[in-house]
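Notes follow once the structure below has been shown.
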Amino acid sequence: MYERDRSTRQSGPPWQPTKAGRLVAWFDILIGLALRSLLAWIGYVSADGILNWIAGNAGAVIENGKTIAGRGVGKDAITLVEGLNLGDLAGSAIASLKLVLKPAIILIWAIAALVLVAIFLTLAKAGRFFGRLAPLILQTVFVRSARQYS
């Protein structure tokens with residue numbers, strides 16, 4: 001085996017993570033959480049503006065739909081579209097979406113943050129568990145191969 005510098009020497013088996021490796025992993029988790037938080041914040045801030053833009057254009061879209069239906073099918077289509085009262089339906093759907101969207105963004109952000117941290121902790125525990133099994137596995141493999149070639 002080659003000689004390494006003592007400052008980079010790791011105490012313990014090579015399959016166990018070093019303290020610096022754990023710090024880097026936690027730094028990666030924090031960067032991931034920061035990026036997810038930034039995206040959630042952008043969505044939270046822009047949700048009202050986007051929904052107001054959709055609500056403002058919904059009336060024009062419905063009126064254009066009535067005009068196109070009146071030219072293609074006739075007055076029966078206009079009567080049917082007016083009877084459906086799509087303007088009120090679109091307005092109430094957008095109002096309901098405004099009520100639900102911001103809490104949903106916060107809930108999805110929180111669940112994703114918990115899952116991100118839980119995955120890291122689970123993988124760290126699994127690494128330690130399999131790290132303890134590694135010497136046994138290596139010993140079994142080497143003993144079998146030694147028996148096979150003797």
Side-chain angles (χ1 to χ4, degrees), residues 1-2 4-141:
M1 183 155 222
Y2 61 92
R4 290 190 286 173
D5 182 20
R6 289 191 187 277
S7 63
T8 60
R9 186 169 293 174
Q10 175 177 332
S11 64
W15 52 83
Q16 289 181 345
T18 61
K19 191 171 191 172
R22 284 190 292 260
L23 288 175
V24 169
W26 275 110
F27 182 72
D28 290 345
I29 293 291
L30 290 176
I31 293 294
L33 287 174
L35 289 175
R36 287 198 60 83
S37 298
L38 177 67
L39 290 174
W41 179 74
I42 289 171
Y44 188 86
V45 168
S46 63
D48 277 339
I50 291 171
L51 289 176
N52 288 337
W53 177 75
I54 290 171
N57 289 326
V61 169
I62 291 170
E63 285 301 317
N64 285 338
K66 280 189 216 178
T67 305
I68 292 170
R71 288 184 185 161
V73 179
K75 290 190 177 195
D76 295 334
I78 294 175
T79 307
L80 179 68
V81 169
E82 286 176 353
L84 291 175
N85 203 4
L86 293 176
D88 290 342
L89 180 67
S92 62
I94 290 171
S96 299
L97 194 57
K98 278 184 181 181
L99 188 67
V100 173
L101 188 61
K102 284 191 172 185
I105 290 172
I106 293 171
L107 183 66
I108 290 170
W109 171 82
I111 290 171
L114 288 175
V115 166
L116 191 63
V117 172
I119 287 173
F120 171 71
L121 293 175
T122 303
L123 289 177
K125 291 246 184 221
R128 285 193 295 269
F129 174 73
F130 289 118
R132 289 185 202 123
L133 289 179
L136 299 173
I137 294 170
L138 291 174
Q139 181 182 7
T140 305
V141 168

| request: To the nearest 0.5 Å, tell me how far Ile108 CD1 sits from Leu39 CG. | output: 12.5 Å
| request: Could you name each residue pair satisfying ring-ring contact (aromatic ring centres under 6.0 Å, His included) that touches residues 49-76, not counting sequence neighbours? | output: none
| task | Only pairs at least two apart or in different chains count here, so list each side chain to side chain donor-acceptor pair (under 3.5 Å) that has a residue in residues 32-43. | result | Ser37-Trp109
| query | How many angstroms lie between CD1 in Ile94 and CD1 in Ile54, if you round to the nearest 0.5 Å? | reply | 6.0 Å
| Spacing of Leu30 atom CG and Leu35 atom CG [to the nearest 0.5 Å] | 11.0 Å
| Of the non-hydrogen atoms in Ile105 and Ala47, which two are nearest, and what is the gap between them? | CD1-CB, 4.4 Å
Show me the donor-acceptor pairs, under 3.5 Å and distance only, between side chains in residues 111-119 and residues at least two apart or in other chains.
none

